[in-house]
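Below: one structure, written as structure tokens.
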Protein chains: 2
Amino acid sequence: MNLKNQVEWALHCCAVMMALPDGATLPAKVLAEFHGVPKEYLSKALQALSQAGIVVGTLGPTGGYRLAKKPEEITFLDIVEAVEGRRSTFQCGEIRANNPCLPKKHRASGPCTVARIMWQADEAWRTSLRGVTLAAMGEQLAQDVPAEILEKSRNWLVSRA
Amino acid sequence: MNLKNQVEWALHCCAVMMALPDGATLPAKVLAEFHGVPKEYLSKALQALSQAGIVVGTLGPTGGYRLAKKPEEITFLDIVEAVEGRRSTFQCGEIRANNPCLPKKHRASGPCTVARIMWQADEAWRTSLRGVTLAAMGEQLAQDVPAEILEKSRNWLVSRA
DNA sequence: GAAGTCTTACTCGGATACTTAATGTCCGAGTCTAGCAGG
DNA sequence: CCTGCTAGACTCGGACATTAAGTATCCGAGTAAGACTTC
């Protein structure tokens, strides 16, 4: 079980868009070139972000994508769920219902014990992701990446926005 | 991205084996019948548990599986990792290395910022699973399931052990 | 009758087909820019 | 020279092949039990 690599791409794209001046847009083509990934496929991830209301896409020449909200209002969970879906990673098959010892008209009183524990863990994962905003990630990024590279990349992007 | 349904089956099987008297074994055939799942496929999950040292399988007639340790010493994480593998759900593709602004001989100083955040969330998930032992699950199960059914199932299983 | 041996049937374990989801690619609908013609 | 128009090219958006992973199944190796033969 792996997360789609589109999740990774979407996160990186959002990080990049954060560096844009207000109102400027980046075409998927440029984002794809910057990250070295197939343009057409990356589009699907950006579409998902668009449908989730995280980014907005404008058409025509000089069109492209930009963040729809402030970086402080976008969490990692928002992005991950936009691409991966909101379903829990664990889905209960209700196999307890196949227990041959169950009386005919037995109705399960609540969710399966196993499922409940798995869902708790899933919720812990989501809570962790919910606690990190794009803005917070930007601060951490400034510490991890040399200022020179950061500035160079910023210029490279803005020149094609 | 979904966890394999084998994970669910493995967890239920461990829960069932917890009800066995010491030394008794349950064949995969019986476990499959009890849960209403294909026997041959369930075997794969049990094999994974066996290789991980969570259960032991004995051959021949009256053979089968039993827990290899005490329920207090087996965590949900052990079982999940035995079936799903120990790799993180998020794997970093190092797409930052494709940044065209990077100097030729640039070596990344540490893990990708994005990856680090995702791995933290993954670790939160694992920590949650690590905190629940089979024994703890057994207690919760006793509260969720009527005693009558619990006893009936126990007899059904022991009679075929 | 008891002990040893042999057959037998049952178990797990790994190797083999099939189906679904993820990956990658393509083409069409819509729109803004830029050039061009006309006033 | 300025304005309006038109054509073009670029954008996103959804529909279509290809590949990997998950799902399901089969058959063989090994073992313990039980029946049989022999002493």
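Side chains included, hydrogens not; waters and symmetry mates left out as well; all remaining heavy atoms used.
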Identify the pairs formed between an N or O of the protein and an N or O of nucleotides 14-17 of chain C at a distance under 3.5 Å, and give each distance.
residue: C:dG14; atom: OP2; partner: B:Q47; partner atom: OE1; Å: 3.3
residue: C:dG14; atom: OP2; partner: B:Q51; partner atom: NE2; Å: 3.3
residue: C:dG14; atom: N7; partner: B:Q47; partner atom: OE1; Å: 3.4
residue: C:dG14; atom: N7; partner: B:Q47; partner atom: NE2; Å: 3.2

field: Whether over 12 other heavy atoms sit under 6.0 Å from B:K70 NZ
entry: no

field: Nucleotide nearest A:P61 (side chain, heavy atoms from C-beta), chosen from C:dT33, D:dT31, D:dA32
entry: C:dT33

task: Can you figure out which of D:dC12, C:dC10, D:dG8 approaches the side chain of A:P27 most closely?
output: D:dC12

message: Angle between the end axes of the helix from C:dG1-D:dC39 to C:dG39-D:dC1, five pairs per end, to the nearest 10 degrees?
response: 10°

field: DNA chain C contacts among residues 73-98 of chain B, heavy-atom distance under 4.0 Å
entry: none

message: Strictly distance-based, threshold 3.5 Å: is any side-chain N or O of A:E84 a donor or acceptor partner for the main-chain N or O of A:V7?
response: no

message: Around atom CZ of B:R154, are there more than 12 heavy atoms from other residues, nucleotides or ligands closer than 6.0 Å?
response: no

statement: Which of C:dC12, D:dA33, D:dG13 is nearest the side chain of B:Y65? It is C:dC12

- prompt: Tell me: CZ of B:R66 to P of C:dT11, nearest whole Å?
  reply: 17 Å

field: Qualifying side chain to side chain donor-acceptor pair (under 3.5 Å) pairs with a residue from residues 25-54 of chain A, counting only residues at least two apart or across chains
entry: A:Q6-A:Y41

task: Establish whether A:L59 and A:Y65 are linked, either directly or via other cluster members, by ILVMFWY side-chain heavy-atom contacts under 4.5 Å.
output: no

message: Could you check whether any side-chain N or O of A:D78 sits under 3.5 Å from a backbone N or O of A:T75, counting only pairs where one atom can act as donor and the other as acceptor?
response: yes

Please tabulate, one pair per line, all N/O donor-acceptor pairs under 3.5 Å involving side-chain atoms of residues 111-128 of chain A, not counting sequence neighbours.
residue: A:T113; atom: OG1; partner: B:D144; partner atom: OD2; Å: 2.6
residue: A:R116; atom: NH2; partner: B:D144; partner atom: OD1; Å: 3.3
residue: A:R116; atom: NH2; partner: B:D144; partner atom: OD2; Å: 2.5
residue: A:W119; atom: NE1; partner: A:F90; partner atom: O; Å: 2.9
residue: A:D122; atom: OD1; partner: A:T89; partner atom: N; Å: 3.1
residue: A:D122; atom: OD1; partner: A:T89; partner atom: OG1; Å: 2.7
residue: A:D122; atom: OD1; partner: A:R126; partner atom: NH1; Å: 3.3
residue: A:D122; atom: OD2; partner: A:R126; partner atom: NH1; Å: 2.2
residue: A:E123; atom: OE2; partner: A:R130; partner atom: NH2; Å: 3.4
residue: A:R126; atom: NE; partner: A:E81; partner atom: OE2; Å: 3.0
residue: A:R126; atom: NH2; partner: A:R86; partner atom: O; Å: 3.4
residue: A:R126; atom: NH2; partner: A:R87; partner atom: O; Å: 3.2
residue: A:T127; atom: OG1; partner: A:E123; partner atom: O; Å: 2.8

message: Please tell me if A:S50 has a side-chain N or O lying less than 4.0 Å from either OP1 or OP2 of D:dG13.
response: yes

- prompt: Taking CE from A:M1 and C1' from C:dT20, how many angstroms apart are they, rounded to a whole number?
  reply: 18 Å

field: Interface residues of residues 4-20 of chain A with DNA chain C (non-hydrogen, below 4.0 angstrom)
entry: A:K4, A:N5, A:W9

Closest to side chain of B:Y41, choosing from D:dT31, D:dC10, D:dT25: D:dT25

message: Can you measure B:L59 atom CG to C:dT11 atom C1' for me and round it to whole angstrom units?
response: 6 Å

